[in-house]
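Since this is a predicted model, take the numbers as computed values, not measurements.
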Amino acid sequence: MIIKPSTTLRNEYNTISKLCKEKQEPIFLTKNGEGDLVLMSIEAYEYREEMLDLREKLLSAEANRLSGTKTYTIAEVSERLRGLIDGTL
């Protein structure tokens, strides 16, 4: 975990920006010794958002499965895909 005082952002923006991009992890900024902000590169933010979206979809699929929604075996999915590719479906 990287923690820096908020004045570092103002005084050393380029250094902080480079650190965010190199480490690909959030940098926590403090103000008066208290947590204030979290900074991260756009790449790290987009990756995090994609992972959160995937997690939400997986949790939804699992909830559907547990509630009795029809599921398919790998063989059934493969057969259907072959049919779609071959034009038989």
Kindly compute the distance separating CZ (R65) from OG (S60), expressed to the nearest 0.5 Å.
13.0 Å
L59 side chain near E56 side chain, heavy-atom distance below 4.5 Å
no
Evaluate whether atom CG of L52 has more than 12 neighbouring non-hydrogen atoms of other residues, nucleotides or ligands under 6.0 angstrom away.
yes
Verify the neighbour count for atom CG of L66: are there more than 12 heavy atoms of other residues, nucleotides or ligands below 6.0 Å?
yes
For the residue pair V38 and P26, what are the closest heavy atoms and their distance?
CG1-CB, 3.5 Å
Nearest heavy-atom contact between C20 and I27 is SG-CD1, 3.5 Å
Picking from T15, I16, L9, L39, what satisfies side chain to side chain contact (heavy atoms under 4.5 Å, CB included) with K4?
I16
Before accepting this row, confirm whether a basic side-chain N of the pair E79/R82 lies closer than 4.0 Å to the acidic partner's carboxylate O.
no
Between E76 and T71 the two heavy atoms that sit nearest each other are OE1-O, 4.1 Å
Look at atom CD of E43 and say whether more than 12 heavy atoms of other residues, nucleotides or ligands are closer to it than 6.0 Å.
yes
Can you see which heavy atom on S41 is nearest to which on K21, and at what distance?
CB-CG, 4.1 Å
Mind listing the closest non-hydrogen atom pair of N64 and S67 along with its distance?
O-OG, 2.9 Å
What do you reckon, is OH of Y45 surrounded by more than 12 foreign heavy atoms closer than 6.0 Å?
no
Treat each ILVMFWY residue as a node, draw an edge where side-chain heavy atoms are under 4.5 Å apart, and state whether M40 and Y47 are in one component.
no
Check whether S78 reaches the backbone of I74 with its side chain - one donor and one acceptor, N or O, closer than 3.5 Å.
yes
Would you check if K18 and N14 make a side-chain contact, meaning some heavy-atom pair closer than 4.5 Å?
no
Find the distance between CZ (R48) and CG (D53) and round it off to the nearest 0.5 Å.
12.5 Å
